[in-house]
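Below is one structure, written out as structure tokens; the observations come after it.
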2 protein chains.
Amino acid sequence: MKKKTTIYDIAEKLGLTAATVSRALNNNTKISLNTRKLVLETALEMNYEQNKLALALKSGKSYNVGVIVPRIDSNFFSSVIRGIEEELYPKGYHVIICQTHNQENIENEKINSLVNVQVDGILMSISNANLEENKGFNKLLKNKKTPLVFFDRKKDIKGISSVTIDDFKGGYDATKHLLDQGCNRIAHLSNDRNFEIFRNRYLGYKQALSDNGIEFDESLVIETQSNVLDGRRAARLLLDMETPPDAIFSSSDFAALGAIQEIKESGINIPEDICVVGFSNEPFTRFMELTTITTVDQFPLEMGRTAAQVFLEEVSNTDETKTTKNVVLTPQLIIRKSSLKHKEG
Amino acid sequence: MKKKTTIYDIAEKLGLTAATVSRALNNNTKISLNTRKLVLETALEMNYEQNKLALALKSGKSYNVGVIVPRIDSNFFSSVIRGIEEELYPKGYHVIICQTHNQENIENEKINSLVNVQVDGILMSISNANLEENKGFNKLLKNKKTPLVFFDRKKDIKGISSVTIDDFKGGYDATKHLLDQGCNRIAHLSNDRNFEIFRNRYLGYKQALSDNGIEFDESLVIETQSNVLDGRRAARLLLDMETPPDAIFSSSDFAALGAIQEIKESGINIPEDICVVGFSNEPFTRFMELTTITTVDQFPLEMGRTAAQVFLEEVSNTDETKTTKNVVLTPQLIIRKSSLKHKEG
DNA sequence: CTGTTAGCGCATTCAC
DNA sequence: GTGAATGCGCTAACAG
């Protein structure tokens with residue numbers, strides 16, 4: 001375990017002072033060009049590396065930001081993260097990625113951990129709809145030392161910025177599209193509507209029905225997790241109804257996939273008998289062998305970039321008057337085979 | 001921007017000394033139970049949080065480890081990461097995830113960044129087959145301050161531990177299975193064989209051919225990136241040959257998927273005309289509507305856990321005699337429809 | 001242009 | 001049992 005070389009080492013070697021070395025390393029113009037060059041050279045030669053920890057301790061900035069997501073193995077979240085990285089990396093920030101696996105207690109711990117390692121900010125998509133009940137989160141909220149930005153799965157909390165898509169519109173457009181296909185008994189695979197995104201998709205769905213004179217039927221709404229198995233289970237329930245639906249709008253691509261599997265295995269045709277629309281534009285929706293899946297694109301890359309920008313604004317905003325920003329991006333319906341009854345001209 | 005409360009604040013409030021507070025907080029038995037309790041209480045009350053940065057600066061340990069992977073949006077890597085997290089989190093470590101997007105320069109930068117933030121170790125799957133040419137990597141290697149563990153995409157470097165699967169066996173088993181299906185003109189979608197994993201899969205493929213009296217035909221080996229488009233491209237080349245192959249062993253599930261798409265669109269049947277085997281057991285291989293894909297499971301969760309364990313051993317191993325460990329897990333062939341010509345009894 | 005001094009927050013050695 | 005002093009590595013204010 002060799003020790004790392006510090007500015008003192010190189011100061012000593014050069015008969016200088018640590019302060020001078022520090023300044024030279026930072027290209028301070030007050031230092032003569034000669035010594036600057038000299039210092040830089042010997043620093044290189046001695047394999048000097050700045051100790052960011054000391055720097056952080058001194059400056060109070062770690063140049064690390066934490067990103068908390070439910071999972072990283074979905075294209076949506078990994079794309080958002082990529083967007084965040086793209087925006088933050090050039091500014092010298094590093095991204096610490098944490099996944100909660102949708103468990104509230106892990107989310108709590110991660111929040112605490114990130115605060116402990118002195119991240120300069122936290123960008124998160126919540127896993128707990130009742131986040132305010134968290135001790136760690138509340139502490140974070142109260143002292144307002146660490147900027148916080150929600151993306152996608154946000155919570156409407158005063159003073160906290162967020163970047164989302166217009167989930168209401170996403171749900172509305174998806175449902176309207178199904179209506180346009182001639183469907184009039186449209187089921188909805190929802191998810192926990194304590195989360196705004198799922199509530200809004202649901203509300204968009206309801207509104208589209210209402211705007212088109214279709215009566216809302218609560219029995220057609222099934223709460224489903226974002227995974228294949230749950231999609232299957234939900235589809236089974238729907239198929240077993242006396243009057244099964246002629247369309248399904250799922251708030252998750254994964255659940256939509258499961259539903260499609262279950263429906264097909266029951267010998268029912270998609271889209272002829274039942275149309276299906278998902279949500280998120282996961283890559284597999286495009287790669288289906290038979291029935292590519294209609295879905296709603298959430299522009300995750302842009303979402304990530306925007307969230308990062310909002311963070312950058314907040315962190316550079318020194319005055320006390322914090323401006324909360326709630327950016328809403330517009331989703332886009334992508335029509336594919338799973339809902340296209342009528343061949344296109 | 002309120003300031004955080006430090007041990008000095010609570011010392012002052014209690015008419016004590018920072019040293020005492022520090023000891024009390026650490027449950028030092030030298031401190032009277034009373035003051036210990038008192039300190040703990042007021043710490044709680046004042047919302048005290050230990051500054052990990054100062055601690056790290058003092059102790060030289062950050063309790064952060066870096067994980068560098070080519071990408072996080074594949075089930076394989078995100079599962080490995082999950083395994084690492086599961087093992088390290090209980091020990092108090094945090095995982096900083098970095099993705100290189102397969103770009104060597106980004107890999108360089110990430111290595112440097114992680115070293116700069118004083119991670120206690122780096123677990124990585126390389127994106128650059130000639131890693132030794134990297135300045136940053138070499139520095140890391142030379143001073144041996146930061147334990148390094150390779151997983152999956154490793155490089156055989158003296159003194160560096162690694163956790164991999166037996167890729168040779170993976171390639172061998174996959175090929176043998178295709179031979180057992182009656183295929184005898186088996187193509188191979190390889191990837192850059194400067195990487196050991198791809199070279200070994202390739203060598204396993206060759207050995208299986210040779211062991212079964214099939215002559216190796218170089219024109220049947222196509223270098224392919226791990227993505228759908230490249231898989232399509234490779235399949236196109238194979239289909240356009242005078243004598244197309246009757247099987248494809250792909251070193252990547254993503255490429256296998258692309259190949260399957262291209263083959264089917266050409267009106268050729270899988271597995272009747274061409275059998276296909278992938279590698280990694282990505283979830284979509286199981287979810288295919290018509291042709292679930294035969295593939296090789298790499299046990300990513302176990303790989304991650306093992307890599308983490310190796311790291312923990314290294315970091316706790318204080319003496320100079322570093323023991324290099326090269327763990328090799330055994331892969332498992334998972335046979336599905338894309339390669340099963342004969343119905344199972 | 002460069003040196004001196006001090007402090008970021010903590011743990012630890014040496015006193016008493 | 002507790003206090004005083006010191007150092008981890010760096011930067012910034014103040015001198016000169």
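Predicted model, so just to flag it, every value in this text is computed and none were measured. Order of the sequence lines sets the chain letters (A, B, ...), proteins ahead of strands, with each chain counted from 1.
For A/T6, no side-chain nitrogen or oxygen approaches OP1 or OP2 of D/dC8 to under 4.0 Å. Neither OP1 nor OP2 of D/dC8 sits under 4.0 Å from any side-chain N or O of A/N51. OP1 or OP2 of C/dA11 has not a single side-chain nitrogen or oxygen of B/Y8 nearer than 4.0 Å.
No donor-acceptor contact under 3.5 Å links the side chain of A/R36 to the base of C/dT2. Contact annotation: side chain of A/K58 to base of C/dG7, donor-acceptor pair present below 3.5 Å.
In this structure, B/N27 places its CG atom 17 Å from P of C/dC10, rounding to the nearest Å. Here the P atom of nucleotide D/dA4 and the CD atom of B/E12 are 14 Å apart, to the nearest Å. Atoms NZ (B/K61) and C1' (D/dC8) sit 16 Å apart, rounded to a whole Å. Spacing between atom CG of B/N28 and atom P of C/dC14 amounts to 16 Å, rounded to whole angstrom units. Across the protein-nucleic acid pair, A/N26 atom CG and D/dA12 atom P stand 7 Å apart, rounded to whole Å. Summarising the geometry, the separation between OH on B/Y48 and C1' on C/dA11 is reported as 11 Å, rounded to the nearest angstrom. Between the P atom of D/dT11 and the CD1 atom of A/I10 lies a distance of 12 Å, rounded to the nearest Å. Between A/L53 atom CG and D/dT11 atom P there is a gap of 13 Å when expressed in whole angstrom units.
Note on B/D152 versus B/K154: no salt bridge recorded, every NZ/NE/NH1/NH2 to OD/OE distance being 4.0 Å or above. Between A/R305 and A/E85, none of the side-chain N atoms (NZ, or NE/NH1/NH2) sits under 4.0 Å from a carboxylate O, so this pair counts as no salt bridge.
Ring geometry for B/Y93 versus B/F311: interplanar angle over 60°, hence perpendicular rather than tilted (30 to 60°).
The nearest heavy atom of DNA chain C to B/A19 and to A/L57 marks one nucleotide each, and the one closer to the 5' end goes with A/L57.
Residue contacts shown for B/T35 are limited to sugar-phosphate atoms, with no base heavy atom under 4.0 Å away. Across all strands, B/L55 comes closer than 4.0 Å only to sugar-phosphate atoms, never to a base (heavy-atom distances). Using a 4.0 Å heavy-atom cutoff across all strands shown, A/L16 reaches sugar-phosphate atoms only and no base atom. Residue contacts for B/S22: at a heavy-atom cut-off of 4.0 Å it reaches a base atom on one of the strands shown.
More than 12 heavy-atom neighbours from other residues, nucleotides or ligands sit within 6.0 angstrom of NZ on B/K155.
Among the nucleotides C/dT2, C/dT4, D/dG3, the one closest to the side chain of A/K30 is C/dT2. Taking the side chain of A/S32 as heavy atoms from C-beta on, and the options C/dG9, C/dT2, C/dT12, the nearest nucleotide is C/dT2. When distances run from any side-chain atom of A/Q50 to the nucleotides C/dT2, D/dC10, C/dT4, the shortest one goes to D/dC10. Each of C/dG9, D/dA4, D/dT11 was ranked by its minimum atom distance to the side chain of A/I7; first place goes to D/dT11. When distances are taken from the side chain of A/R23 to each of D/dC14, D/dC10, C/dT12, the shortest belongs to D/dC14. Nearest nucleotide to the A/A54 side chain, out of C/dT2, D/dC10, D/dG3: D/dC10.
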* Asked: Given the rule in the side chain to side chain contact (heavy atoms under 4.5 Å, CB included) test, do A/C98 and A/T100 qualify, once you have shown the distances and angles that lead to the verdict?
  -> CA-CA 7 Å; A/C98 301; A/T100 66; over 6 Å; no

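Closest approach of B/S74 to B/R71, counting heavy atoms only: CB-NE, 4.0 Å.
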